[in-house]
Amino acid sequence: MTQQTDSLLDRFGRFLARRLQVESSGYQPYTPSDPQTLHRTLQPGDVLLVEGNLRISAAIKYLTQSTWSHSALYVGDALEELGDGSERPRLIEVNLGDGCIAVPLSKYRTYNTRICRPSGLTPDDRKAIVDFMVASLGLRYDMRNIFDLLRYFLPAPPVPVRWRRRMLALGSGDPTRAICSSLMAQAFQAVQYPILPDIRPVPGQASAESTYSRAEILHIRHHSLFTPRDFDLSPYFEIVKPTLVYGFDYKKLQWAEPVEPKAVEAEPGAEGGEVA
């Protein structure tokens with residue numbers, strides 16, 4: 001009886017996961033990513049943040065108060081090319097329902113993205129982080145914790161701001177890891193690379209000034225509480241913009257000629273602005 005119940009919950013969980021993975025209508029990226037530009041800009045160990053357009057993305061954006069709802073780790077050429085001649089997978093990510101998978105850069109050609117680069121990361125630690133993610137490929141998640149999935153069907157759950165991040169860590173922890181950036185947080189924590197600043201008043205270290213930020217950071221110690229936004233806010237990750245890396249010169253931009261407004265012709269019989 002227990003096995004039958006587990007099987008039923010698992011099937012229902014996968015059904016909910018598929019519903020949450022449905023794309024929202026009307027999404028238009030402002031600056032979509034070019035896979036070739038990303039390829040020549042990204043370095044192994046870089047975190048790629050994605051502004052998703054799935055149904056679950058709206059809830060994650062609301063709960064984390066951020067435009068970034070998804071993240072992936074760039075692993076370079078760590079994975080072998082596919083035998084069918086398709087594009088080589090260079091990103092490792094965790095998706096609800098799929099678990100930990102490898103995908104090509106072209107997957108996000110129509111999305112707004114941001115590159116977050118860990119500053120000063122040593123080659124050995126960079127390799128350790130990539131190896132951690134590669135070793136995690138195929139990791140799947142228990143879909144039987146229905147509560148973990150149902151909460152994402154409310155794009156704006158009526159909870160106080162200070163509780164929203166905690167909602168991401170409720171439940172068994174397995175579906176949570178499929179939503180948050182916790183697998184990558186584990187990889188960086190394994191080499192003791194910081195993501196968010198320590199709030200202790202140590203000279204020379206960054207610290208949060210607002211009461212809310214200090215209270216929030218105090219709780220962000222376990223990997224299950226990290227979100228894509230944290231890599232964006234981290235003072236230890238550099239924001240890399242491909243258009244600036246390769247010698248941006250605004251003087252070379254080609255601007256469209258301004259359109260002159262057409263003169264309004266006077267109507268027949270009109271003189272001096274007055275009708276006869």
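Numbers here are sequence positions counted from 1.
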Engineer: Would you mind telling me which of Val245, Asp46, Val47 makes a side-chain contact (heavy atoms from CB on, under 4.5 Å) with Ile115?
Structural biologist: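 Filter result, single survivor: Asp46.
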Engineer: Set out, in order, the CA-CA distance, both residues' side-chain angles and the distance that settles ring pair (Phe, Tyr, Trp, His ring centres under 6.0 Å) for Phe237 and Phe188, then state yes or no.
Structural biologist: CA-CA 12 Å; Phe237 281 76; Phe188 282 100; 5.3 Å; yes
Engineer: Determine the minimum heavy-atom distance between Thr41 and Pro242, stating which atoms define it.
Structural biologist: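 For Thr41 versus Pro242, the nearest heavy atoms are OG1-CB, 3.6 Å.
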Engineer: To the nearest 0.5 Å, what is the distance between CZ (Arg229) and OG (Ser181)?
Structural biologist: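 Arg229 CZ to Ser181 OG: 11.5 Å, rounded to 0.5 Å.
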Engineer: Should Leu79 and Pro89 count as side-chain neighbours, where that means a heavy-atom distance under 4.5 Å?
Structural biologist: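 The answer is yes; the side chains approach within 4.5 Å.
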Engineer: Please check this pair: side chain of Ser69 against backbone of Gly52, looking for a donor-acceptor N/O pair closer than 3.5 Å.
Structural biologist: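 Such a contact is found between Ser69 side chain and Gly52 backbone.
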Engineer: Indicate, with yes or no, if Leu253 and Leu244 share a hydrophobic cluster defined by side-chain heavy-atom contacts under 4.5 Å among Ile, Leu, Val, Met, Phe, Trp and Tyr.
Structural biologist: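 Looking at the clustering, Leu253 is in the same group as Leu244.
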Engineer: So which atom in Cys100 and which in Ser136 form the shortest heavy-atom distance, rounded to 0.1 Å?
Structural biologist: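 What the structure gives for the nearest pair is CB-O, 3.2 Å.
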Engineer: Measure across Gly45 and Val130 and return the closest heavy-atom pair with its distance rounded to 0.1 Å.
Structural biologist: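 Here Gly45 and Val130 meet closest at N-CG2, 4.1 Å.
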Engineer: Quick check: do Phe132 and Leu183 have side-chain heavy atoms less than 4.5 Å from each other?
Structural biologist: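 Phe132 reaches Leu183 side chain to side chain.
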Engineer: Would you say the side chain of Gln43 lies within less than 4.5 Å of the side chain of Arg126, judging by non-hydrogen atoms?
Structural biologist: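 In short, these two side chains touch, coming nearer than 4.5 Å.
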Engineer: Looking only at heavy atoms, what is the nearest atom pair of Cys116 and Phe231, with distance?
Structural biologist: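 In this case the closest contact between Cys116 and Phe231 is SG-O, 3.6 Å.
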Engineer: Is there a donor-acceptor contact under 3.5 Å from the side chain of Ser234 to the main chain of Asp230?
Structural biologist: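 Flag not set: sc Ser234 to bb Asp230 has no pair under 3.5 Å.
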Engineer: Would a hydrophobic clustering, with Ile, Leu, Val, Met, Phe, Trp and Tyr connected at side-chain separations under 4.5 Å, put Leu137 with Val94?
Structural biologist: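 The answer is yes; both residues are in one hydrophobic cluster.
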Engineer: Can you see whether Asp124 engages Thr122 through a side-chain donor-acceptor pair at a distance of less than 3.5 angstrom?
Structural biologist: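 Their side chains do not contain a donor-acceptor pair, so the 3.5 Å distance test is not met.
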Engineer: Would you call Phe226 and Ile195 a side-chain contact if the rule is heavy atoms closer than 4.5 Å?
Structural biologist: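 Result yes, sub-4.5 Å side-chain heavy-atom pair found.
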Engineer: How close do Phe248 and Thr243 get, counting heavy atoms only, and between which atoms?
Structural biologist: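 Nearest heavy atoms, Phe248 then Thr243: CB-O, 3.2 Å.
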Engineer: Should Glu238 and Arg117 count as an ion pair when the cut-off is N to O under 4.0 Å?
Structural biologist: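 Here Glu238 does not pair with Arg117 in a salt bridge, since their nearest N and O are not under 4.0 Å apart.
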Engineer: Taking atom types as modelled and ignoring hydrogens, do the side chains of His70 and Tyr111 form a donor-acceptor contact shorter than 3.5 angstrom?
Structural biologist: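 Side chains of His70 and Tyr111: no pair found under 3.5 Å.
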Engineer: Pair Arg90, Asp77 - check salt bridge (Lys or Arg N to Asp or Glu O under 4.0 Å), show working.
Structural biologist: CA-CA 7 Å; Arg90 290 187 167 89; Asp77 296 332; 3.1 Å; yes
Engineer: Could you grab the distance from atom OG1 of Thr67 to atom CD of Glu51, nearest 0.5 Å is fine?
Structural biologist: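 Going from OG1 on Thr67 over to CD on Glu51, the span is 3.5 Å.
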Engineer: Measure the CG-CD distance between Leu105 and Gln36 for me, rounded to the nearest 0.5 Å.
Structural biologist: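 Spacing of CG (Leu105) from CD (Gln36) equals 9.0 Å.
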Engineer: Kindly compute the distance separating CG (Leu38) from CG (Leu48), expressed to the nearest 0.5 Å.
Structural biologist: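 So the CG of Leu38 and the CG of Leu48 are separated by 6.0 Å.
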Engineer: Does Arg114 pair with Asp232 as a salt bridge, N-O distance under 4.0 Å?
Structural biologist: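 Judged by the 4.0 Å cut-off on N to carboxylate O distance, Arg114 and Asp232 do form a salt bridge.
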Engineer: At their closest point, which heavy atom of Val50 faces which heavy atom of Tyr108, and how far apart are they?
Structural biologist: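 So the minimum-distance heavy-atom pair works out to CG1-CD2, 3.7 Å.
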Engineer: Please answer whether the main-chain N or O of Ser119 pairs with a side-chain N or O of Tyr193 as donor and acceptor at a distance below 3.5 Å.
Structural biologist: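 Yes, because the side chain of Tyr193 sits within donor-acceptor range (under 3.5 Å) of the backbone of Ser119.
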Engineer: Roughly how far, to the nearest 0.5 Å, is the OG atom of Ser71 from the CG atom of Leu91?
Structural biologist: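 The CG atom of Leu91 sits 10.5 Å away from the OG atom of Ser71.
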Engineer: Can you measure from CD (Gln189) to CE (Met184) and round to the nearest 0.5 angstrom?
Structural biologist: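 The CD atom of Gln189 sits 12.5 Å away from the CE atom of Met184.
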Engineer: Does the distance from a Lys or Arg side-chain N to an Asp or Glu carboxylate O, for Lys107 and Glu93, drop under 4.0 Å?
Structural biologist: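 A salt bridge is present here (some side-chain N lies under 4.0 Å from a carboxylate O).
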Engineer: Is the shortest side-chain heavy-atom distance between Leu73 and Ile129 below 4.5 Å?
Structural biologist: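 Yes, close enough: below the 4.5 Å cut-off.
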Engineer: Are the side chains of Leu49 and Thr113 in touch, meaning some heavy atoms are under 4.5 Å apart?
Structural biologist: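 Leu49 vs Thr113: side chains apart.
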